[in-house]
4 protein chains.
Amino acid sequence: MIKTDKRADIMDVALNLIAERGFHDSPMSLIAREAGVAAGTIYRYFESKDALILALTRNLEDRINETVQDEYPAGESIREKFLYMNRAILKYFMSYPRHFLYMEQFSISPYGISNRKEKLLGKSDRNKIMIDIFERGVEQGILKALPISAIFALAFGPLQTLMRDHILGFLRLDEATIEQVTQACWDAIKK
Amino acid sequence: MIKTDKRADIMDVALNLIAERGFHDSPMSLIAREAGVAAGTIYRYFESKDALILALTRNLEDRINETVQDEYPAGESIREKFLYMNRAILKYFMSYPRHFLYMEQFSISPYGISNRKEKLLGKSDRNKIMIDIFERGVEQGILKALPISAIFALAFGPLQTLMRDHILGFLRLDEATIEQVTQACWDAIKK
Amino acid sequence: MIKTDKRADIMDVALNLIAERGFHDSPMSLIAREAGVAAGTIYRYFESKDALILALTRNLEDRINETVQDEYPAGESIREKFLYMNRAILKYFMSYPRHFLYMEQFSISPYGISNRKEKLLGKSDRNKIMIDIFERGVEQGILKALPISAIFALAFGPLQTLMRDHILGFLRLDEATIEQVTQACWDAIKK
Amino acid sequence: MIKTDKRADIMDVALNLIAERGFHDSPMSLIAREAGVAAGTIYRYFESKDALILALTRNLEDRINETVQDEYPAGESIREKFLYMNRAILKYFMSYPRHFLYMEQFSISPYGISNRKEKLLGKSDRNKIMIDIFERGVEQGILKALPISAIFALAFGPLQTLMRDHILGFLRLDEATIEQVTQACWDAIKK
DNA sequence: CATGAATGAGCGTTCATTCAT
DNA sequence: TATGAATGAACGCTCATTCAT
C-alpha cells in the first residue's frame, strides 16, 4: 500500500467535506482541490471513491478505539469501566465533531450497513471490549438480562442523539451534564 | 381530477427506494419506472424531488403521530404515558420497517436538520405531547433534572439503535424484550 | 377551418405571451391556461405550435396592412403617400406595442426568414403598395436610383430601432418627433 | 493548462449554430458534437450556456469595435467620420455574415435588452465614439435636432435591414450601392 | 368538441473515472 | 508519480403532443 502525506491530506479533506456536506455533495474534484492535488492523483492512493470512504471509516474507527482503550480502567468494576467508556466516547466526539458527523453519514449508507454486520459478528477490537463488559455484566447479574445488542442500544443509543444536538447547538454538553447522562445510561442497563 | 392512487403509488415507491438506497441513489427516473409511470408524470403530482420528499416525510410523521396519539392514556401517570409512547413508537416501526429506514435517511439530510430545529422549538403535535410529559416530569421531580433534549435522547435514542438491529436481523424484538427495553428507557430518565 | 371565440382567445394570449417572453418561454400549457382552455384544446384549432405561430403572424400582418391601407391617400404625391405610410406604421405599433415585439421575435426566427422570402417575391398586398410607391418613385426620378430593397431598408429600417427604443422606454415618441423622424426617412430616400 | 484552441473551437461552433438556428435550437450537446468534444467538456471552458453566450457576444463586440476604431479618421469632419463608420460596419458584417445573424439573435434576447440599456447609458467604447459624433453634430447644428437615440436609429437602422437582405441573397451590396446607401443615411440625419 | 393526465425525448448540467503527457 | 483535460452516463426537470374519457 502506498503511504505518503498526500494520502493523509486527502483523507483529512474528505472527512471534513463529507462530515459537512454528505457523501454526494463532496465530489472527488472538490476533495482533490481542497487537498491540493490533482483529481487523478486521488486514484493513485484509492482505487475509487468507495475505497476512499472505506479507508476513511476504518481509520476513524481505529482512532476512536485507541482513544477508548487508552487509560482503560482494566482493574475496576464493570460500572466504572462502562462509565469510563461512555464518557470517553462522548468526549472524543466533542473534540472531533466532524468525526461524529462523518460516522453518522456513514452509518446509514450502504457501506455502513455491511460494516455494522461485521461489527456485531464480533471481529473488531472495540467490540471485543464492549461485548466483554456487557456479556460479563449480564452473566454476573449486574446488568439486565437482555440480548447484548439491546444492552448496547441502551448504553450508546442516547449518545448519538446527544452528540447531534450538541453539535447543532441545541444542547450544551458541559461536564456536569455529561456525568449525569453517563450515569443515566448506566441506570438503563444496570439490573 | 388528479387520481390519488397514482400519487400514492409514487409516494410508496419513493419511500421504499429511499429507505433502501438513500435519497441520492433513488433517481426520479427509477421512482417513475417502479411506480409504473413516465418520468414526467411525477411532476404532475410533485413540483420537484424536494417537494416529493417533503410530502413523504410529512405524511409519515402524521401517520406516526396518529398511531401514538391513538389510545394515548391521557389520565394515567407520567410513567404509564411514557411507557405507552415508547412501546407505540417501537411497534409502529416494527410494522413499517421501511418507514424507520426512511426517517433515518431523512434525519441526517439537510431537510432533516431544519425539521429537527422546528421540533425542538415545539411546533408539531407529537412534540407537544412529549415536551409536555418530559417538562411536567422534570418539574414534578419524577424525572432527572436534565435539559429536555437530554431526556429526549435518553428516552428515544436507544430505540433507533434497537430498530436498526431488529431490521437488520441482529436482534429479535419480541413482546418481552420490548417490555424490558421500554422499562430500561424509563430507568434512564426517572429520578 | 374551425372558427370560434376560443380560437381568437388562444391567438390573443399566444401573441401577448410570445411578445413578452419569446417563443421558447411560452409553452403551450401556459398559453392554454391563460386562454382558459385545456392544453389539448389548442390542438383542435391549430395543428401544432408552429401552425399557431404561423396563423398568428399572418393575422397580424393582415391587421397591419388594413391599417395602412385605410385612409391611404391614393391621389396624393409620392412624398405624401410615403409620409402617410411611415406615420401609420409607427402609430399602429405605438398603439399595439405587443404586436411590434411579437413581429420582432418572429422576424428572426426560422419562420420569419422564409416569410420574408415570400414578401420580397412580391405576393402580399402591403408589398404591392410599397413596391408600387418605390418603383414609381425611382422611375420618376423622385427617389434615389437604388434597388427597391435598399430603398425599403432606408425607409423602414429606422422604424424598427425607433420602436424598440420607444417600447423599452429609451425614447419618447411624441407627435413632433414622429413628424421629424418620418421626414428624415424621406430625406434618406428622396433624390 | 487550458488549450485555447478548444475554447475557440467551441465558441466558433456555437456562434455558427446560434446564428443559423437561434439560442434555443442550439443545445449544448449539439455544440459539443460539432466542436468534436464531449458534452461535459464545454463546461471546462464555460461555466454555463449563459456564460458561453456572454463570452461570445463580448468577443464579437470587441472585434467589431476594433474594426471600426481601426483607421478611424479622427481629424476629419463629422460627415467623414460618420460615413467611415457606417461603411466599416457594413463591410465588417459582409465579411462575417454569421456575426450579423448572431448579433441579431442576441439583440432580441433578454441578454440583448440589458446590453442595449448599458449601451445607451454610454459605457462601451464604440458608443463613446458614436455618441461623441452624434452629440457634437447636433450641438454644432450639423445634424437634425433630434434625440440621440433617434439619430442613432436613422443612422444605423437601415443597415440591419440591408444586411439581412444581403445575407438572404435579396440584394447585392456592391461598392457603389454601399456608397449610395451610406450617403442616404447621412441625408437622413444631416440638417 | 373539450379535457387534462400521461408520455418520453430532450434539455442543461454534474461528476467519477481515465489516460496522454 | 502526478497532472488535469476529457469523457459520457446519469441526473432533475420541461414541454409539445396524444388520447381515453
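Since the structure is predicted, the reported quantities are computational estimates derived from the model, not experimental observations. Sequence lines set the chain letters: A, B, ... in the order given, protein chains first and strands last, and positions in each chain run from 1.
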Under 3.5 Å: donor-acceptor pair, side chain of D:Thr41, backbone of D:Val37: no

Which ranges of DNA chain F pair up as stems, where a stem means three or more consecutive Watson-Crick or G-U pairs with both distances under 3.5 Å? E:2-21 with F:2-21

Main-chain N/O of B:Tyr45 paired to B:Arg7 side chain as donor or acceptor, under 3.5 Å: yes

Separation of E:dT13 atom C1' from D:Glu47 atom CD, nearest Å, is 12 Å

Those residues that, when tested against A:Tyr43, pass side chain to side chain contact (heavy atoms under 4.5 Å, CB included) (two or more places apart): A:Met28

Side chain of C:Glu104, backbone of D:Ile108: donor and acceptor closer than 3.5 Å? no

Within the distance-only criterion (no hydrogens, no angle test), does the side chain of A:Lys49 pair as donor or acceptor with the backbone N or O of A:Phe23 below 3.5 angstrom? yes

Can you pull out the residues from residues 15-37 of chain B that lie within a 4.0 Å heavy-atom distance of DNA chain F? B:Pro27, B:Met28, B:Ser29

Mind calculating the distance between CD1 (A:Ile42) and P (F:dT1) to the nearest angstrom? 17 Å

Would you kindly give the CZ-to-P distance between A:Arg44 and E:dC19, to the nearest whole Å? 12 Å

Return the value, rounded to whole Å, for the distance between atom CD1 of C:Ile10 and atom P of F:dT17. 14 Å

Phosphate OP1/OP2 of E:dT7: any B:Thr41 side-chain N/O under 4.0 Å: yes

Whole Å only: how far is the OH atom of B:Tyr43 from the P atom of F:dA16? 17 Å

Atom CD of C:Glu20 with >12 non-hydrogen neighbours under 6.0 angstrom: yes

When rounded to whole Å, the OH to C1' distance for the pair A:Tyr45 and F:dT3 reads 12 Å

Which sits closer to the 5' end of DNA chain F, B:Gly40 or C:Asp50, going by the nucleotide each is nearest to? B:Gly40

Please report, rounded to the nearest Å, how far the P atom of E:dT13 is from the NZ atom of D:Lys49. 8 Å

With A:Arg164 as the cation and A:Phe93 as the aromatic partner, state whether NZ or CZ is under 6.0 Å from the six-membered ring centre and within 45° of the axis. no

Atom-pair distance (NZ on A:Lys6; C1' on F:dA2), nearest Å: 6 Å

By the definition side-chain contact (heavy atoms from CB on, under 4.5 Å), identify the one residue from A:Leu56, A:Leu15, A:Asp5, A:Leu52 that meets it with A:Ile10. A:Leu52

Please report the shortest heavy-atom distance between B:Ala32 and B:Ala39, naming the atom on each side. CB-CA, 3.7 Å

